Asker: 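Before anything else, here's the structure in question.
In what follows, every heavy atom counts, from backbone to side chain, and hydrogens, waters and symmetry copies are set aside. Here the structure is a predicted model, which means the values were calculated and not measured.
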Amino acid sequence: MKKNGSKYMKIKISTETGEVVKIKDEKGVDATEVSAEELEEVQQNPNTDQIATILHAHSSPGCIYVVIRGWAKKICY
């Protein structure tokens, strides 16, 4: 029987540092950290799509930008 994958993720970002604190799926399961080599392999695969980018701009105020497939949101602190 095939196990269904996650459809959603929850990303917790520190508003003080702009760093990602934790990532969980909709069931509360932590994301798995990967090595730099594994990440490079995935990025080089022609079947891989980049669907999200998280950017931190440290200015006054500091803002975190989340861009997912052209949909963009800004969180400032």
Asker: Taking the hydrophobic residues Ile, Leu, Val, Met, Phe, Trp and Tyr, and joining any pair whose side-chain heavy atoms are under 4.5 Å apart, which ones share a cluster with V34?
Answerer: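 Once heavy-atom contacts under 4.5 Å are chained together, V34 belongs with L39.
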
Asker: Do the side chains of I75 and I68 join up, straight or via other hydrophobic residues, at under 4.5 Å, putting them in one cluster?
Answerer: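 I75 and I68: separate clusters.
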
Asker: For L55, what residues pass the side chain to side chain contact (heavy atoms under 4.5 Å, CB included) criterion, not counting sequence neighbours?
Answerer: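 Scan of L55 (side chain to side chain contact (heavy atoms under 4.5 Å, CB included), adjacent residues dropped) gives T53, Y65.
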
Asker: Drop me the distance from K12's NZ to I23's CD1, to the nearest 0.5 angstrom.
Answerer: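 If I round to the nearest 0.5 Å, the distance is 13.0 Å.
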
Asker: Tell me, yes or no, whether the heavy-atom count around E33 atom CD, taken from other residues, nucleotides or ligands under 6.0 Å, exceeds 12.
Answerer: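 Count not over threshold, so no.
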
Asker: Taking atom CD1 of I11 and atom CD1 of I64, what is their separation to the nearest 0.5 Å?
Answerer: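 Output value for this atom pair is 10.5 Å.
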
Asker: Which residues satisfy the side chain to side chain contact (heavy atoms under 4.5 Å, CB included) test with K24, sequence neighbours excluded?
Answerer: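 Partners of K24 under the side chain to side chain contact (heavy atoms under 4.5 Å, CB included) test: K22, D30.
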
